Structure formats: C-alpha cells, structure tokens
Amino acid sequence: MGTFALSGVFLSWETEQRLISAAGKGDISTVRKLLRKRVNVNVRDGLDNSALMMASKGGHAEVVRILCEAGAQTNMVNGTLATALHHAACGTHTEAAKHLVLAGAPLDARNGSGATPVEMAPFNSETWEVLNAARNGVMPEIEVVSEVPEVPVYAIAGASAEKRKNSGKKGKKGKKGEKKGKKSGKKGKKKGKKKK
C-alpha cells in the first residue's frame, strides 16, 4: 500500500484522489480546479502513482505542464521504481517527455528492471531522439501554441476600409443595392404619382 500525503488544507482522501484520476484522463479543467483548492500536487494512489505519472502515462502534455508548474516532483518513483519520464518514454509521448525534461526530470533514473527513460522509448522514435539529445546536453524546445484565437483583419480598428468592405457576409441588399424579397408598401401605389 502506498503512502498518502495530505496538503496543508484538510481535504478528503477522495478529493485528493480525484487529482490523480483527472490527470490520468487529461481533464485540464478539473486538474486546475483541484489545484486551486490546494490539493497536494504530489499525492499518490494505492500503487504509489502520482498525478504527474498518470498524466505522463496518458500522454497529456498540457496536464503535465500544469502539474510541473504547480510544483510536482519529477523524481518521484512508484512501486516499480518508474518515474513520470519512464511512463512518457514508454508510451512515446514526446510532448509530455519534453515538459518533464525541462522541469528537471532525471534522465538517468533506473526503474525496477534497470532501464532508464531513454531505454524505455522505442529506438529512433521522436521521443528517443529528444531524450537522447537531452542526455547529451541539448534541451528540447516546446512549440508554444497561443490560446488566443486569431483576430480577423476586418475586426481590427484601423484596418483598411477595402479589406473590411470586401470581407464578411453581404447584408439584405444585393450587389447593386437592390432589395431582395417582397416589396414593402401599399399595393397599387406607384412612384412618381402626382397628387391632385
């Protein structure tokens, strides 16, 4: 049976275990919510797996990044002496492995079988190349994806009028300003009729 660590704020065992479950599923919003509640980021389950290990095993790179930023220990081992980096390497989860390497995960840690994370990754896979390069001192680069959507040109103040005019949907009027659909007004009334 594993050891259980409580955070500074009393939380039930079930609440702390939800962090491990959410991390394993890649549920970013639940992970953030639980971390805001001050759930211990290094809590373990009955098999000594931490939330970071479960996120790494599932290849959930964004959750791995969030947990590392929250202070998760990258050198923790489970019952088989595997680290989070072992789990990421074994599953060829390259992005998760990159986050772990940049967070200081040990590249030379040996699991219960005596294998390092580099040896757990399939030979010549992208994950193997990243870990092998990191072992030789070349740190991986992470492509930053903006969470802010790209703003169309016509929505930017000061954009040229021509671009705004030609983009988007046309209004109710057609190309030459003609109205489409039924004519409005009274029947029989003609334009230009003289009053007596």
Side-chain angles (χ1 to χ4, degrees), residues 2-5 7-8 16-149:
T3 58
F4 301 100
S7 59
E16 290 192 327
Q17 294 303 300
R18 281 182 53 210
L19 178 63
I20 297 170
S21 175
K25 294 175 185 173
D27 187 350
I28 296 170
S29 62
T30 302
V31 168
R32 284 186 173 150
K33 179 181 173 183
L34 291 168
L35 290 175
R36 280 194 302 270
K37 287 185 174 185
R38 297 184 183 184
V39 171
N40 180 2
V41 72
N42 293 312
V43 68
R44 294 172 177 254
D45 65 8
L47 300 172
D48 268 353
N49 289 312
S50 67
L52 185 60
M53 289 177 194
M54 296 306 288
S56 300
K57 191 175 194 175
H60 307 296
E62 185 64 17
V63 175
V64 169
R65 183 189 64 78
I66 291 167
L67 292 170
C68 287
E69 287 176 357
Q73 294 177 3
T74 58
N75 60 349
M76 292 174 71
V77 295
N78 63 9
T80 62
L81 302 179
T83 64
L85 191 54
H86 281 98
H87 289 296
C90 186
T92 61
H93 303 302
T94 307
E95 292 303 311
K98 286 180 181 180
H99 286 294
L100 290 166
V101 168
L102 292 174
L107 295 165
D108 58 348
R110 296 203 176 269
N111 64 8
S113 302
T116 64
V118 177
E119 295 165 346
M120 295 293 292
F123 184 71
N124 277 346
S125 66
E126 184 181 1
T127 306
W128 181 86
E129 290 176 2
V130 166
L131 295 176
N132 199 33
R135 191 169 57 176
N136 294 324
V138 179
M139 288 292 129
E141 293 182 12
I142 295 176
E143 183 179 326
V144 178
V145 179
S146 176
E147 293 181 15
V148 179

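Nothing here was measured: the structure is a model prediction, and the numbers come from that model.
Residues R135 and L131 form no side-chain contact, since every pair of their non-hydrogen atoms from C-beta on lies 4.5 Å or further apart. At least one side-chain heavy atom of I20 sits under 4.5 Å from a side-chain heavy atom of Q17. Inter-residue side-chain proximity for N42 and S50 is flagged as unmet; no heavy-atom pair is nearer than 4.5 Å.
Listed by chain and residue number, nothing satisfies the side-chain hydrogen bond (donor to acceptor under 3.5 Å, both in side chains) test with H99 (two or more places apart in sequence, or in another chain). Considering only residues two or more places apart in sequence or on other chains, K33 meets the side-chain contact (heavy atoms from CB on, under 4.5 Å) condition with R36, K37. Judged as a salt bridge (charged side-chain N to carboxylate O under 4.0 Å, His left out), and not counting sequence neighbours, the contacts of E69 are R65. Residues satisfying the side-chain hydrogen bond (donor to acceptor under 3.5 Å, both in side chains) criterion with D27, sequence neighbours excluded, are S29, T30. Annotation: side-chain contact (heavy atoms from CB on, under 4.5 Å) contacts of T74 (sequence neighbours excluded): L52, C68, L100, A103, A105, P106. For L102, the side-chain contact (heavy atoms from CB on, under 4.5 Å) partners two or more places apart in sequence, or in a different chain, are M139, P140, I142. Among residues two or more places apart in sequence or in another chain, the side-chain hydrogen bond (donor to acceptor under 3.5 Å, both in side chains) test is passed with H93 by none. Applying the side-chain contact (heavy atoms from CB on, under 4.5 Å) rule to A82 yields the partners N78, T80, H86, H87, N111; only residues at least two apart in sequence or on another chain are considered. In this structure, S21 has no side-chain hydrogen bond (donor to acceptor under 3.5 Å, both in side chains) partners at least two apart in sequence or on a different chain.
A61 approaches A96 most closely through the heavy-atom pair CB-N, 3.7 Å. Closest non-hydrogen pair, A55 versus V63, comes out as CB-CG1, 3.7 Å. Residues V77 and R44 come closest through the heavy atom pair O-NH1, 2.7 Å. Here the shortest heavy-atom pairing between V41 and A70 reads CG1-O, 3.9 Å.
Here the CG-CG distance, from N40 to L34, works out to 12.0 Å after rounding to the nearest 0.5 Å. For the atom pair CG (L81) and CE (M76), the distance works out to 13.0 Å, reported to the nearest 0.5 Å.
The salt bridge (Lys or Arg N to Asp or Glu O under 4.0 Å) pairs that include a residue from residues 81-94 number zero, where partners must be two or more places apart or lie in different chains. Screening residues 77-99 for salt bridge (Lys or Arg N to Asp or Glu O under 4.0 Å), with sequence neighbours left out, gives E95-K98.
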What side-chain donor-acceptor pairs closer than 3.5 Å can you find for residues 113-122, not counting sequence neighbours?
{"from": "T116", "atom 1": "OG1", "to": "E119", "atom 2": "N", "distance (Å)": "3.4"}
{"from": "E119", "atom 1": "OE1", "to": "T116", "atom 2": "N", "distance (Å)": "2.9"}

